[in-house]
> 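Dropping the structure in here first, questions after.
By convention in this document, chain letters (A, B, ...) are assigned in the order of the sequence lines, proteins followed by strands, and residues within each chain are numbered from 1. The structure displayed is predicted, hence computed values, not measured ones.
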There are 2 protein chains.
Amino acid sequence: MAIKENGKNAAVHVHEHTGNAHELKNLMPDEDKLYDLAELFKCFGDSTRIRILFALFENEMCVCDLADSLNMTQSAVSHQLKILKQMKLITNRREGKSIIYMLADSHVSSIIAQGIEHILE
Amino acid sequence: MAIKENGKNAAVHVHEHTGNAHELKNLMPDEDKLYDLAELFKCFGDSTRIRILFALFENEMCVCDLADSLNMTQSAVSHQLKILKQMKLITNRREGKSIIYMLADSHVSSIIAQGIEHILE
DNA sequence: GCAACATATGAGCATCTGTTCATATGTTCA
DNA sequence: TGAACATATGAACAGATGCTCATATGTTGC
């Protein structure tokens, strides 16, 4: 058994129980993509943001209405909206004094729908 | 304009810019479901766990091989596998001294595929 | 311009999260 | 049974995260 000396206790030995340890690297997306992907799902990984998305799934709404119906602070909503917008899950348009937010594309509902399917099993 | 006195600066006034603030409550899943959904997506919201899932997407693997190919500590992998298993994204079986992990169902790849579609735009 | 409304933003704080380290549990084989 | 291998787990710590509070920016109508 070969010995690797990288100082990590997890990799002091090299063996292949399933013989698959090295092939997957070709399949694995590069680090940047993996990070982006994780960042994307992180958006869905908070019940506040999920609630915002559910609200916008039904109707476009201004910040004020979102805060009101979700029983949240305007500031808290605004902070989360910024995150959702950075990830391009939502867009907005100004309408007078208000800014109306809406879902950006169909991926949002697709992803959530898949998630719901999973937890309903 | 009605005044609510709940002490939150976000909801001191009640108005309906879009007129949709109260209808969505019928559509919104209950708190438990929302929490479960967020917990599920939280699993995908970490690049380590995403990498584990990608690895298992290709081949079932033991903890040791995962740690080796992902260049992680055995302990770190094991901790994350526990989380993924709790959320029923993966299952395992014992095979001699090793424990082989694999994806639990097709939802995992569906969800990740949707995520990839989104970030590739 | 100014007052009222609507939203955005930065700092501070408490909580959550992922890793490491040490160690416990479980399996195989001699 | 004991030694080596394989995995799991708990405590502790550092970094990330979401909220609040105060305040800044931007819009409308007088």
Side-chain angles (χ1 to χ4, degrees), chain A residues 1-3 6-18 21 35 38-39 41-52 61-68 70-87 90-101, chain B residues 1-3 6-18 21 35 38-39 41-52 61-68 70-87 90-101:
Chain A
M1 181 178 287
I3 302 296
N6 60 4
K8 289 194 180 178
N9 71 17
V12 291
H13 56 289
V14 175
H15 61 174
E16 303 286 315
H17 296 285
T18 52
Y35 195 78
E39 287 298 302
F41 285 121
K42 214 169 282 184
C43 284
F44 295 95
D46 174 73
S47 54
T48 292
R49 286 191 292 268
I50 287 270
R51 293 202 303 154
I52 291 176
M61 288 175 98
C62 67
V63 181
C64 210
D65 283 352
L66 279 169
D68 207 43
L70 301 179
N71 208 36
M72 290 178 60
T73 300
Q74 173 270 321
S75 178
V77 171
S78 192
H79 277 296
Q80 298 308 328
L81 287 173
K82 183 177 187 177
I83 294 173
L84 290 170
K85 198 187 174 195
Q86 279 176 340
M87 204 50 62
I90 60 176
T91 51
N92 59 15
R93 69 169 188 278
R94 178 171 283 279
E95 205 161 274
K97 279 180 288 191
S98 299
I99 296 186
I100 313 293
Y101 280 86
Chain B
M1 182 178 286
I3 303 295
N6 60 4
K8 289 193 181 180
N9 71 18
V12 291
H13 55 290
V14 175
H15 61 173
E16 302 286 315
H17 297 285
T18 52
Y35 195 78
E39 287 298 301
F41 285 120
K42 212 169 284 182
C43 284
F44 295 95
D46 175 72
S47 54
T48 293
R49 286 191 292 268
I50 287 268
R51 294 201 302 153
I52 292 176
M61 288 176 98
C62 67
V63 181
C64 211
D65 283 351
L66 279 168
D68 207 43
L70 301 180
N71 208 36
M72 290 178 60
T73 301
Q74 174 269 320
S75 179
V77 172
S78 192
H79 277 296
Q80 297 307 330
L81 287 173
K82 184 177 186 177
I83 293 173
L84 290 170
K85 199 187 174 198
Q86 279 176 341
M87 204 50 62
I90 60 177
T91 51
N92 59 15
R93 69 169 188 277
R94 179 172 282 280
E95 205 160 273
K97 280 179 287 190
S98 300
I99 296 186
I100 314 293
Y101 281 85

> At under 4.0 Å between heavy atoms, how does the protein contact nucleotides 24-30 of chain D? Give one character per nucleotide, 5' to 3', with B, S or -.
--SBS--
> Determine the minimum heavy-atom distance between B/I100 and B/C62, stating which atoms define it.
CD1-CB, 4.0 Å
> Let me test you: for the helix from C/dG1-D/dC30 to C/dA30-D/dT1, what is the angle between the axes at its two ends (five pairs each), rounded to 10 degrees?
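Between the axes fitted at each end of the helix from C/dG1-D/dC30 to C/dA30-D/dT1 lies an angle of 30°.
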> Does the side chain of B/S78 get closer than 4.0 angstrom to OP1 or OP2 of D/dT7 through an N or O atom?
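So the side chain of B/S78 is outside the cut-off, no N or O lying under 4.0 Å from OP1 or OP2 of D/dT7.
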> What residues form a ring-ring contact (aromatic ring centres under 6.0 Å, His included) with B/F44, not counting sequence neighbours?
A/F41
> Rounded to the nearest 0.5 Å, how far apart are CE of A/M61 and OG of A/S98?
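Spacing of CE (A/M61) from OG (A/S98) equals 11.5 Å.
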> Identify the pairs formed between an N or O of the protein and an N or O of nucleotides 13-17 of chain C at a distance under 3.5 Å, and give each distance.
unit_1	atom_1	unit_2	atom_2	d
C/dT17	OP1	B/K42	NZ	3.4

> Hey, could you give me the CG/CG distance between A/D65 and A/L70, rounded to the nearest 0.5 Å?
10.0 Å
> Report the distance from atom CZ of A/F44 to atom C1' of D/dG18, rounded to the nearest whole Å.
18 Å
> Does B/Q80 place a side-chain N or O at less than 4.0 Å from the phosphate oxygens OP1/OP2 of C/dT19?
yes
> Between the base of D/dA8 and the side chain of B/Q74, is there any donor-acceptor pair under 3.5 Å?
yes
> Minimum heavy-atom separation for A/E39 and A/K42, please, with both atom names.
OE2-NZ, 3.0 Å
> Return the value, rounded to whole Å, for the distance between atom CD1 of A/I83 and atom P of C/dT9.
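So the two atoms are 12 Å apart, to the nearest Å.
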> Restricting to nitrogen or oxygen on both sides, can you table the protein-nucleotides 10-15 of chain D pairs closer than 3.5 Å?
unit_1	atom_1	unit_2	atom_2	d
D/dG10	O6	B/H79	NE2	2.9

> CG of B/D68 to CD of B/Q74: how many Å apart, nearest 0.5 Å?
12.0 Å
> Considering just the side-chain nitrogens and oxygens of B/Y101, establish if one lies under 4.0 Å of OP1 or OP2 belonging to D/dA6.
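For D/dA6, neither OP1 nor OP2 has a side-chain N or O of B/Y101 closer than 4.0 Å.
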> Over how many whole Å does the gap from A/R93 atom CZ to C/dT7 atom C1' extend?
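After rounding, the reported distance stands at 16 Å.
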> Tell me which donor-acceptor pairs under 3.5 Å the side chains of residues 80-87 of chain B have, and how far apart each pair is, sequence neighbours excluded?
unit_1	atom_1	unit_2	atom_2	d
B/Q80	OE1	B/R49	NH1	2.7
B/K85	NZ	B/N92	OD1	3.4

> Provide, to the nearest angstrom, the distance between the CD1 atom belonging to A/I50 and the P atom belonging to D/dT17.
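So the CD1-P distance, A/I50 to D/dT17, works out to 16 Å.
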